[in-house]
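The next block holds one structure in the form of structure tokens; read it before the comments.
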Amino acid sequence: MATANEFEIRDRCERLIYRFLRVLEGEQGKTADLFTEDGQAFKHVGREAIREHFAGIEAVDDNVNVNLCSNLLIDVDDDDHARATNYVTHYVADRESEDLTDPKGGRVGGELNTARSITRWYWEFRRAEGEWLISRLQYPEPVLLRKDVIDDL
């Protein structure tokens with residue numbers, strides 16, 4: 001069903017995906033703020049469970065993570081619901097041993113020349129109190145996992 005706001009809805013959902021992936025690269029626990037109160041990320045239901053899951057990853061992950069998004073397709077179901085799929089190419093590198101920092105004081109990482117994985121992501125969105133949020137994020141479906149990279153994990 002097409003809506004009068006279809007282009008606006010697609011734009012908001014697209015921006016939400018990009019925000020999620022950008023936050024996922026560094027402050028992973030804050031991704032929970034992009035979900036509905038009853039949102040679901042993988043098997044974790046509710047913002048606090050999502051926050052706990054991603055904060056746990058953040059606590060042990062000191063790598064440089066870069067997520068590239070492509071082939072984004074967004075379907076608008078109605079004025080308050082939408083779905084999307086996209087591919088994410090995930091690059092990971094160990095941090096440089098040198099004490100290099102960017103202009104904001106953040107540490108500068110190593111080389112990102114080999115993708116760790118390419119996965120297909122599935123999203124559901126819902127407008128809650130006028131704001132578009134993620135209502136469900138399913139486990140990414142592996143499309144390409146480089147054996148030589150995965151073996152080193």
Side-chain angles (χ1 to χ4, degrees), residues 1 6-78 80-97 102 104 106-128 131-153:
M1 173 179 139
E6 193 167 335
F7 292 110
E8 180 183 344
I9 293 169
R10 283 188 178 143
D11 181 64
R12 289 184 186 231
C13 292
E14 179 179 359
R15 289 174 184 269
L16 191 54
I17 288 172
Y18 293 149
R19 280 181 50 209
F20 176 90
L21 292 173
R22 188 172 52 243
V23 173
L24 190 63
E25 290 177 359
E27 300 175 286
Q28 297 176 10
K30 291 184 177 181
T31 58
D33 298 332
L34 305 175
F35 283 82
T36 57
E37 198 63 44
D38 63 345
Q40 179 178 349
F42 321 127
K43 64 181 180 179
H44 310 284
V45 179
R47 256 191 212 145
E48 291 315 307
I50 294 168
R51 185 178 322 282
E52 184 177 317
H53 168 71
F54 283 109
I57 294 170
E58 181 182 344
V60 297
D61 185 7
D62 191 38
N63 294 318
V64 175
N65 291 282
V66 175
N67 297 299
L68 301 178
C69 177
S70 65
N71 298 56
L72 177 59
L73 297 172
I74 299 171
D75 294 312
V76 177
D77 295 329
D78 57 41
D80 296 315
H81 300 88
R83 295 170 284 117
T85 62
N86 70 304
Y87 289 92
V88 174
T89 303
H90 182 203
Y91 291 88
V92 178
D94 292 329
R95 297 224 179 246
E96 293 280 344
S97 59
D102 65 23
K104 293 183 179 180
R107 289 179 29 197
V108 175
E111 293 184 25
L112 297 170
N113 57 5
T114 304
R116 176 179 283 181
S117 64
I118 300 173
T119 51
R120 182 182 298 119
W121 292 47
Y122 298 91
W123 308 80
E124 293 179 20
F125 306 95
R126 185 171 73 228
R127 182 169 26 198
E131 181 181 12
W132 281 94
L133 297 168
I134 303 164
S135 59
R136 184 168 185 221
L137 175 58
Q138 295 183 34
Y139 277 105
E141 174 187 317
V143 176
L144 170 67
L145 300 174
R146 289 181 44 132
K147 183 172 177 17
D148 60 322
V149 174
I150 297 301
D151 286 347
D152 290 338
L153 294 179

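Each residue takes its place number in the sequence, starting with 1. Just so it is clear, the structure is predicted and the values come from calculations on it, not from any experiment.
Counting all heavy atoms, side chain and backbone alike, Ile118 lies closest to Thr89 at CG1-OG1, 3.8 Å. Among all heavy-atom pairs drawn from Gly39 and Ile50, the shortest one is O-CD1, 3.6 Å. In plain terms, the two heavy atoms of Glu14 and Ile74 that are nearest each other are N-CD1, 3.6 Å. Trp132 and Cys13 make their closest contact through CE3-SG, 4.0 Å (heavy atoms, listed as atom of the first residue, atom of the second, distance). In plain terms, the two heavy atoms of Ala84 and Phe125 that are nearest each other are CB-CE1, 3.7 Å. Listed here is the closest heavy atom pair of Leu137 and Tyr122: CD1-O, 3.4 Å.
Distance check, rounded to the nearest 0.5 Å: CG of Leu34 to CD of Glu131 gives 8.5 Å. Considering CZ of Phe35 and CG of Leu16, their distance stands at 8.5 Å, rounded to 0.5 Å. Summarising the geometry, atom CG belonging to Asn67 is positioned 8.5 Å from atom CZ belonging to Phe20; distances are rounded to the nearest 0.5 Å. Summarising the geometry, atom CZ belonging to Arg120 is positioned 9.5 Å from atom CG belonging to Asn71; distances are rounded to the nearest 0.5 Å. With rounding to the nearest 0.5 Å, the separation of CG in Leu68 from CG in Leu21 is 9.5 Å. Once rounded to the nearest 0.5 Å, the distance linking CD1 of Ile134 with CZ of Arg47 reads 10.5 Å.
The environment of CZ in Arg15 is sparse: at most 12 heavy-atom neighbours from other residues, nucleotides or ligands sit within 6.0 Å. Within 6.0 Å of the CZ atom in Arg10, the count of heavy atoms belonging to other residues, nucleotides or ligands exceeds 12.
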*Could you walk me through whether Val76 and Phe7 pass side-chain contact (heavy atoms from CB on, under 4.5 Å), step by step?*
CA-CA 9 Å; Val76 177; Phe7 292 110; over 6 Å; no
_salt bridge (Lys or Arg N to Asp or Glu O under 4.0 Å), that's the test. Do Glu8 and Arg12 meet it? Break it down for me._
CA-CA 6 Å; Glu8 180 183 344; Arg12 289 184 186 231; 3.0 Å; yes
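Considering only residues two or more places apart in sequence or on other chains, Glu48 meets the side-chain contact (heavy atoms from CB on, under 4.5 Å) condition with Arg51. In this structure Glu52 satisfies the salt bridge (charged side-chain N to carboxylate O under 4.0 Å, His left out) test with no other residue, sequence neighbours excluded.
Side-chain atoms of Ser135 come within 3.5 Å of backbone N or O of Glu124 as a donor-acceptor pair.
Between His53 and His44, the ring-plane angle classifies as parallel under the 30° and 60° cut-offs. Using cut-offs of 30° and 60° on the angle between ring planes, the pair Tyr139 and Phe42 is parallel.
If you run salt bridge (Lys or Arg N to Asp or Glu O under 4.0 Å) between Arg126 and each of Asp78, Asp38, Asp77, only Asp38 comes through.
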